[in-house]
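The block underneath contains the structure these notes are about, expressed in structure tokens.
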Amino acid sequence: MHFQWYPGHMTKAKRMMQENIKLIDVIIELVDARTPVSSKNPDIEQMAQNKIRVILLNKYDLADESETKKWKKYYEDKGYFTALVNSKSGKGVRAVNSVVMEACREKIERDRKRGIINRPVRAMIAGIPNVGKSTFINSFAGKACAKTGDKPGVTKGKQWIKLGKNIELLDTPGILWPKFEDQSVGLRLALIGSIKDEILQIEELAGELIKYLREEYPAFIEDYLGFEAEGMEYEILEKYALRRGCLQKGSIADTERAAALMMDDFRGGKIGRITLEKI
Ligand code: G4P
């Protein structure tokens, strides 16, 4: 499998993010807990120099718990403040507030010594498409949030969401596209659905999933298939199509439909809690 992916609007988004970064103290970066490295854009390291850094392992409800623990420690060892979050259900979201405050403790102390008291820290959410930025912002800010900044009638300028007394969140997240020369990074992003399916052949993708699960999560895949995952991946997919009743005219296995079902089930966590990259 070989694919390239570099959307043209990436440059514009990157420029906008560089502008926004100047306004903030802390970057809250979302990564997908199923692929904590591949879903992290490397450009952010350079852009975020001198900023306080928080990494949220989002969608941890879909990832392998023991692997997520290791990744959390991995990022903490690198000096990040971290939290596990399920933005969809809201689990872990509330704790992010105190993680951000903890991350900013030294800065607040420095400010205090300089006579700056009670100035909220300014934060921005960043991450690749589909990692859960909007869902997180909605959950984090909640319904009670108050927008600050612009007065009615003034269209220019940034919108800040006030989160209690201590944090102001920029309401537009920084979008970064994943970057990869390494094909395996692209493959993992395709598997989690961060890269649109149209540019990849869905049966090939399902084949790669079967291959990975067979090695790393054999019990999960066999449970899911309902038979032993032996033989070529394509044969397994054919057998699975018949089992799921995915048939074309003449009772031939509709492997494309079966592959789509399998990918949906995987992305929805129905095959199990699975991590695609391990330390
Ligand atoms: P983005 O702004 O970064 O592009 O991502 P967005 O919030 O739109 O989220 C992308 C998808 O990921 C959404 O699913 C959202 O519900 C889901 N999601 C976000 N955070 C979590 C999480 O922690 N756990 C799980 N399981 N899912 C999460 P969707 O299928 O596009 O929409 P919907 O059907 O859920 O409404």
Side-chain angles (χ1 to χ4, degrees), residues 5 7 9-10 12-14 16-17 20-21 24 27-44 47-48 54-65 67-69 71-72 75 82-97 99-100 123-143 145 159 161 163 169-179 188-199 202 205 209 217 220 224 260-277:
W5 201 69
H9 43 297
M10 176 160 152
K12 192 174 161 223
K14 199 171 147 184
M16 206 166 116
M17 185 157 163
N20 286 338
I21 276 182
I24 55 138
I27 297 187
I28 304 172
E29 189 184 355
L30 267 73
V31 297
D32 192 305
R34 294 167 296 174
T35 58
V37 174
S38 298
S39 62
K40 192 173 179 334
N41 178 298
D43 290 341
I44 200 169
M47 280 195 252
V54 173
I55 286 193
L56 304 182
L57 291 145
N58 193 39
K59 307 197 187 184
Y60 86 93
D61 53 305
L62 301 174
D64 181 334
E65 256 178 307
E67 297 302 322
T68 303
K69 257 189 213 154
W71 283 115
K72 187 174 188 304
Y75 280 124
T82 66
L84 309 185
V85 177
N86 173 356
S87 299
K88 201 168 172 174
S89 74
K91 224 171 158 191
V93 170
R94 224 192 253 212
V96 173
N97 210 303
V99 173
V100 171
M124 156 186 197
I125 306 297
I128 65 169
N130 214 33
V131 73
K133 296 179 296 300
S134 319
T135 313
F136 175 75
I137 290 177
N138 286 338
S139 179
F140 192 43
K143 288 195 177 70
C145 73
Q159 291 281 340
I161 303 168
L163 298 169
L169 184 68
L170 192 62
D171 80 340
T172 34
I175 307 171
L176 283 164
W177 268 264
K179 215 176 171 183
R188 288 182 204 116
L189 293 169
L191 289 171
I192 62 168
S194 274
I195 300 177
K196 291 264 168 288
D197 285 341
E198 296 90 75
I199 67 161
I202 189 97
L205 201 54
L209 180 66
Y217 296 94
F220 282 178
Y224 173 74
L261 286 177
M262 187 180 286
M263 293 314 302
D264 273 356
D265 287 342
F266 167 69
R267 289 168 185 162
K270 291 191 188 128
I271 301 183
R273 293 180 65 170
I274 289 157
T275 296
L276 293 175
E277 58 199 354

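Just so you know, ligand 1 is whichever comes first in the structure, and atom 1 is the first atom listed for that ligand. Scope of the values below: all heavy atoms of this structure, side chains included, with no hydrogens, waters or symmetry mates.
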Does the distance from a Lys or Arg side-chain N to an Asp or Glu carboxylate O, for K14 and D43, drop under 4.0 Å?
-> yes
With a 4.0 angstrom cut-off on heavy atoms, strictly below it, pick out the residues next to ligand 1 and order them by chain and number.
-> N58, K59, D61, L62, V85, N86, S87, K88, I128, P129, N130, V131, G132, K133, S134, T135
Apply side chain to side chain donor-acceptor pair (under 3.5 Å) to Q159 and T172, showing your working.
-> CA-CA 8 Å; Q159 291 281 340; T172 34; over 6 Å; no
Evaluate the side-chain proximity of V54 to E29: yes if any heavy-atom separation is below 4.5 Å, no if none is.
-> no
Regarding D32 and T35, is there a side-chain donor-to-acceptor distance under 3.5 Å anywhere?
-> no
Sole candidate of K69, R34, R273, K72 that passes side-chain contact (heavy atoms from CB on, under 4.5 Å) when paired with Y60 | R273
S87 versus N58, side-chain donor and acceptor atoms under 3.5 Å = yes
